[in-house]
Amino acid sequence: MTERATALSPADPGPRSAHGLGLATFAADRTLLDVWFPRPELGDTSQEDLRSSLDALAENDDLRGTSQEVIATHADLDSAPTNAADAYLRLHLLSHRLAAPNTVNLDGVFGLLANVVWTNFGPCPVEDFESTRLRLRTRGTVVVYGVDKFPRMVDYVLPAGVRVADADRVRLGAHLAVGTTVMHEGFVNFNAGTLGQSMVEGRISAGVVVGNGSDIGGGASIMGTLSGGGKERVAIGERCLLGAQAGIGISLGDDCVVEAGLYITAGTKVTLPDARVVKASELSGESFLLFLRNSATGVVEARPRSGHGVALNSVLHAN
Ligand SMILES: CC(C)(COP(=O)(O)OP(=O)(O)OC[C@H]1O[C@@H](n2cnc3c(N)ncnc32)[C@H](O)[C@@H]1OP(=O)(O)O)[C@@H](O)C(=O)NCCC(=O)NCCSC(=O)CCC(=O)O
Ligand SMILES: O=C(O)C1=N[C@H](C(=O)O)CCC1
Ligand SMILES: [Mg+2]
């Protein structure tokens, strides 16, 4: 695998096609449940050298009602994915750090992916799962990790140099850069993640990117755009601190701090040092700001900060 330590940027997205040989699991009705691509690559490469080892793994499972096949998948990354295998390949590219969030077309991904029961015995069809569970109990306790369209990232891709304290909290398609630590309360969705060292104790929604050296405090929220009306695709720059239980619906530039517990939506009225009042959206992407709610007046303020922002505790990122 040609793993990259640093993500490609939207300005330099790299080759616009990708290829992978994968092990696919199908339900009895031929619904695709998952594909594992051990070594996805950008460009139009051949991976036939992988075929014999994947062939040896392919098995039919009568208890789950599933079958497996080795499939070759090609993706044109500027166009929408054309089927579920193509979507799986793109999610692998992101988690292998071959593509940065927002550089791969994922239009329609929810419509392409099946809802799946993710178990310790592998993916199962949702339909009549209680009968599947009954059959599977002959193998032991059936642990259900989730019922979702996306599996856990670490079951498919384990990028080097990261810590993920709870595997459930990072979906396949997340992009975790070297030096990222995701604590138990942290969450990273698909097509989202970090571009450098980062402490993630809050939620990184789909489409959100967090720059090198930034800290997302416990329970913090970064608004997404998939549901609920958030319109801005939020980005956080370098050396920022989003305090515990804080939230943002606007982007931050570099060296910004948001006070613990303060939620800044796009429409929040923010008072500046010269007494001007602006909507937070007008400050989106600006650097060197401290946002706080003045505890004496209740007014949300943005104050200029000088110098560099927060410094991460390096021992927590030597992963
Ligand atoms: C907003 C800041 C950054 C401010 O801190 P600073 O150190 O810059 O300033 P300070 O020295 O505390 O304060 C400087 C001056 O401003 C005043 N001041 C501070 N905050 C104020 C407020 N909200 N309203 C009015 N005045 C305020 C102080 O009293 C002091 O006044 P005088 O000049 O009169 O003295 C902080 O309060 C904050 O929220 N930090 C976030 C920390 C965080 O959440 N980290 C993530 C950890 S995540 C974690 O631990 C997990 C936990 C979990 O899971 O929940
Ligand atoms: O990276 C870790 O591990 C962290 N541990 C702290 C703790 O255990 O209290 C919290 C922040 C990150
Ligand atoms: Mg768990």
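One-based numbering, in listed order, for ligands and for the atoms of each.
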Protein heavy-atom partner closest to atom 45 (N) of ligand 1 - residue, atom, separation in Å: L241 CD1, 3.9 Å
Which residue and heavy atom of the protein sit nearest atom 54 (O) of ligand 1, plus the separation: G218 CA, 3.5 Å
Closer than 4.0 Å: a protein non-hydrogen atom to atom 32 (P) of ligand 1: no
Residue pair E282, K279: steps toward the salt bridge (Lys or Arg N to Asp or Glu O under 4.0 Å) verdict: CA-CA 6 Å; E282 293 177 44; K279 282 190 183 175; over 6 Å; no
Heavy atoms of other groups near W36 CH2, more than 12 under 6.0 Å: no
Test log, rule side chain to side chain donor-acceptor pair (under 3.5 Å), inputs T25 and D34: CA-CA 5 Å; T25 310; D34 80 340; 2.6 Å; yes
Pair T181-N319, side-chain donor/acceptor within less than 3.5 Å: yes
Polar contact flag, side-chain donor to acceptor under 3.5 angstrom, D76-S17: no
Atom 37 (O) of ligand 1: the protein heavy-atom neighbour that sits closest, reported with distance to 0.1 Å: E259 CG, 4.3 Å
Heavy atom of the protein closest to atom 49 (C) of ligand 1 (residue, atom name, distance): E201 OE2, 4.0 Å
Nearest neighbour in protein (non-hydrogen) for atom 44 (O) of ligand 1: A244 N, 2.7 Å
Atom 9 (O) of ligand 1 protein-contacted, heavy-atom criterion under 4.0 angstrom: no
D61/R139 ion pair, N-O < 4.0 Å: yes
Within the 4.0 Å heavy-atom sphere of ligand 2, strictly under, residues: R163, T181, M183, M199, E201, L316
Protein heavy-atom partner closest to atom 16 (O) of ligand 1 - residue, atom, separation in Å: R303 NH1, 4.3 Å
Atom 3 (C) of ligand 1 within contact range, any protein heavy atom under 4.0 Å: yes
Identity and distance of the protein heavy atom lying nearest atom 39 (O) of ligand 1: A260 N, 2.8 Å
V257 contact mode with ligand 1 (heavy-atom cut-off under 4.0 Å): side chain
T271 versus E301, side-chain donor and acceptor atoms under 3.5 Å: no
Pair N189-S205, side-chain donor/acceptor within less than 3.5 Å: no
Test item: side-chain donor near acceptor, S52 and D55, under 3.5 Å: no
Options S295, A296, G298, ranked by nearest heavy atom to atom 26 (N) of ligand 1, top entry: S295
Y145 versus D155, side-chain donor and acceptor atoms under 3.5 Å: no
Heavy-atom proximity to atom 21 (C) of ligand 1, best of D215, L290, L292: L292
Side chains of T180 and T194, donor plus acceptor under 3.5 Å: yes
Side-chain donor-acceptor contact under 3.5 Å, E232 with S281: no
No-hydrogen, no-angle side-chain donor-acceptor test under 3.5 Å, N115 and D148: no
Whether R293 lies under 4.0 Å from ligand 1, heavy atom: yes
Atoms in ligand 1 flagged as close to G243, the criterion being non-hydrogen separation under 4.0 Å: 43 (C), 44 (O)
